[in-house]
Amino acid sequence: MKEVLLSNCERNFVNKSIKQGTRLDGRNLLEARAVKIHFGSNWGSCIVSLGQTRVIAQVTCDIQQPKTSRSNEGMLHINVELNPMAAQHFDGSKISEFSILISRQLEKCFKDSKCIDLESLCIIADKKVWSIRVDINVINHDGNLIDCASIATLAALSHFHRPDVTSNGEDIVIHPFSEKDPLPLTLYHYPVCVSFITFESGNTVMDPTYIEERVGVAQLTLGINSYRELCSLHFNYLTKTMTVEDVISAVSNCAANYAAKLVQQIKELVAYDVEARYKKDNCNANHFKECIMRKNLTTMNSDCISIKLHKWDEIHNRESDVDMEEEAVECKIIKPGEGSAELIINTVTPFGEGGVSTWNVSESSEEISDNEITVDVKKEEKKVVVDIELNGDSEEETTEILETKDLMQ
């Protein structure tokens with residue numbers, strides 16, 4: 001299925017809002033969405049949520065023959081799959097150009113930057129080495145897939161542990177996890193991708209959503225590690241009025257700070273999960289089951305509203321004020337006549353609902369105002385016991401008592 005075309009009204013609306021410094025989800029221009037990471041039961045499996053964008057990563061390994069040019073180094077492969085479950089315009093039957101582009105950017109960020117010690121993956125030089133493969137599956141596409149995929153790749157590689165092996169020069173013995181503890185991968189540095197989108201007005205936003213990616217005129221993706229070093233760069237533009245130097249000078253400092261915080265978050269989550277596994281404390285581990293229990297796997301589930309409303313700050317301040325007192329609601333009892341009364345609540349009537357009922361009000365407004373009584377709603381209603389008159393005539397049958405002298409007659 002082809003991608004749905006974007007109307008001119010939607011395009012103009014997004015451009016005007018970005019020009020005014022406003023985004024649809026209420027974020028600032030250089031503010032990223034929240035990142036959530038959950039690990040699976042196997043080593044190197046994780047699910048990452050970047051806003052509504054969700055990606056699953058799984059790391060596997062096997063023993064292969066090394067390349068002739070790199071006889072003492074292991075291998076690293078990254079594969080990205082886009083299925084129709086993530087977006088309706090993705091075709092799972094064939095490899096798309098978009099998936100190839102994401103795979104190449106990830107390989108530049110992780111493989112070409114030499115963040116993994118490939119020499120430690122060598123078992124026997126020129127014969128046997130470990131081959132590491134990272135499979136990435138996109139669950140839901142809401143923009144910025146490259147950043148979400150890079151976070152999932154880094155978290156999965158940091159969490160992965162390979163089996164221990166021993167060799168006598170010819171034979172290789174792979175020890176199961178019950179015999180020897182698995183060994184983690186050696187990472188020299190921790191790179192992540194940070195993406196930006198530039199619009200016609202010249203404003204640049206961080207972590208773009210799906211609609212912002214389609215409206216923007218230039219896209220910049222920076223691969224930065226925690227040491228503020230540039231590992232990769234990808235710049236795609238639709239107009240020649242914007243150059244890569246202009247965008248980098250405006251967002252480089254923000255990208256470096258965000259990458260450092262993100263890497264620190266990934267390290268803490270990985271260390272916590274690994275420690276919980278060795279202690280066999282599965283109740284506190286951040287596994288897939290907690291993710292499913294919290295309903296974070298549903299594609300349209302959201303913890304907050306995705307559209308910024310009018311007067312957003314005023315609504316937010318009003319909701320955050322917990323100690324705000326509730327306004328007292330007053331009621332009026334109107335006595336149109338003897339033996340009847342009507343309760344009227346003095347509240348603001350919402351738009352679209354009717355007003356106060358005036359049924360059976362026959363007296364003039366001046367007479368009604370004299371009989372008005374103001375009461376508090378919080379007071380409990382008192383039950384009125386109606387006096388019943390028992391002295392009146394009764395329809396019951398009359399009972400007569402006969403005496404002895406009456407019977408003798």
Side-chain angles (χ1 to χ4, degrees), residues 37-48 56-79 106-107 109-137 149-192 225-226 263-289:
I37 303 176
H38 298 272
F39 296 99
S41 58
N42 298 328
W43 291 107
S45 63
C46 67
I47 176 172
V48 177
I56 290 181
Q58 175 66 58
V59 180
T60 56
C61 63
D62 59 345
I63 298 177
Q64 295 182 3
Q65 187 175 358
K67 297 180 180 179
T68 55
S69 58
R70 304 285 184 179
S71 59
N72 60 341
E73 292 184 359
M75 294 177 288
L76 175 65
H77 302 282
I78 300 177
N79 180 38
L106 293 177
E107 288 182 355
C109 183
F110 292 93
K111 186 177 180 179
D112 297 346
S113 65
K114 299 184 182 300
C115 72
I116 299 180
D117 184 12
L118 297 180
E119 292 183 357
S120 62
L121 302 177
C122 179
I123 302 175
I124 302 176
D126 295 333
K127 292 184 179 180
K128 300 295 180 180
V129 296
W130 285 107
S131 177
I132 307 299
R133 178 184 175 89
V134 183
D135 292 311
I136 299 175
N137 292 277
S150 68
I151 297 171
T153 302
L154 180 59
L157 290 175
S158 303
H159 186 263
F160 179 70
H161 286 58
R162 63 175 178 84
D164 193 6
V165 296
T166 56
S167 63
N168 54 6
E170 296 181 358
D171 299 332
I172 298 175
V173 178
I174 301 176
H175 300 280
F177 294 162
S178 59
E179 295 181 1
K180 289 188 177 181
D181 293 335
L183 302 177
L185 300 178
T186 303
L187 300 180
Y188 292 128
H189 58 91
Y190 294 79
V192 290
N225 58 14
S226 57
V263 169
Q264 183 64 25
Q265 179 184 357
I266 294 174
K267 287 182 178 179
E268 292 177 357
L269 292 176
V270 171
Y272 176 78
D273 186 81
V274 172
E275 183 180 0
R277 287 172 185 270
Y278 280 110
K279 290 182 178 180
K280 297 183 179 180
D281 188 7
N282 294 328
C283 6
N284 296 328
N286 195 14
H287 290 169
F288 279 179
K289 60 181 181 180

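Side chains are part of it too, since the values below use all heavy atoms of this structure and drop only hydrogens, waters and symmetry mates.
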For Pro191, which of Ser226, Cys115, Ser150 qualifies under side chain to side chain contact (heavy atoms under 4.5 Å, CB included)? Cys115

According to salt bridge (charged side-chain N to carboxylate O under 4.0 Å, His left out), who are the partners of Glu107, at least two apart in sequence or on a separate chain?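 Scan of Glu107 (salt bridge (charged side-chain N to carboxylate O under 4.0 Å, His left out), adjacent residues dropped) gives none.
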
Would you compute the distance between atom CZ of Arg162 and atom CD1 of Ile174 and round it to the nearest 0.5 angstrom? 10.5 Å

Quick one: SG on Cys109 to CG on Leu154, what's the gap to the nearest 0.5 Å?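 Reported to 0.5 Å precision, the distance equals 8.5 Å.
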
Test of understanding: with side chain to side chain contact (heavy atoms under 4.5 Å, CB included), list the residues that count as partners of [X], not counting sequence neighbours.
X: Gln65; result: none
X: Gln264; result: Glu268
X: His175; result: Thr166, Val173, Glu179, Lys180
X: Val134; result: Val59, Leu76, Ile78, Ile136, Thr153, Leu157

Salt-bridge test for Lys114 and Asp112: reply yes if a basic N is under 4.0 Å from a carboxylate O, no otherwise.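 No, Lys114 and Asp112 are not salt-bridged.
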
Is it the case that the side chain of Ser45 and the backbone of Asn42 share a donor-acceptor pair, with hydrogens and angles ignored and the cut-off at 3.5 Å? yes

If only atom types and distance count, is the side chain of Ser158 paired as donor or acceptor with the main-chain N or O of Ala155 below 3.5 Å?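 Absent.
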
Minimum-distance pair of heavy atoms, taken over all atoms of [X] and [Y]:
X: Val129; Y: Cys122; value: CG1-CA, 3.8 Å
X: Trp130; Y: Cys61; value: CZ3-SG, 3.7 Å
X: Pro182; Y: Tyr278; value: O-OH, 4.0 Å

State, with a plain yes or no, whether a side-chain heavy atom of [X] is found less than 4.5 Å away from one of [Y].
X: Phe160; Y: Leu183; answer: no
X: Tyr190; Y: Asn225; answer: no
X: Ile151; Y: Ile37; answer: yes
X: Asp117; Y: Tyr188; answer: yes
X: Glu119; Y: Thr186; answer: no
X: Ile132; Y: Met75; answer: no
X: Ser113; Y: His189; answer: yes

Verdict with supporting geometry, Leu269 and Phe39, side-chain contact (heavy atoms from CB on, under 4.5 Å): CA-CA 9 Å; Leu269 292 176; Phe39 296 99; 4.2 Å; yes

Take Cys46 and His38, measure what side-chain contact (heavy atoms from CB on, under 4.5 Å) needs, and give me the verdict at the end. CA-CA 5 Å; Cys46 67; His38 298 272; over 6 Å; no

Restricting to pairs with a member in residues 69-78, which pass salt bridge (Lys or Arg N to Asp or Glu O under 4.0 Å), not counting sequence neighbours? Arg70-Glu73

If you measure only the distance, is there a donor-acceptor pair under 3.5 Å linking the side chains of His159 and Arg277? yes

Give the intermediate values and the outcome of side-chain contact (heavy atoms from CB on, under 4.5 Å) for residues Ile116 and Lys111. CA-CA 7 Å; Ile116 299 180; Lys111 186 177 180 179; over 6 Å; no

Go through the steps for Ile123 and Ile63 under the test side-chain contact (heavy atoms from CB on, under 4.5 Å), then give the verdict. CA-CA 9 Å; Ile123 302 175; Ile63 298 177; 3.8 Å; yes

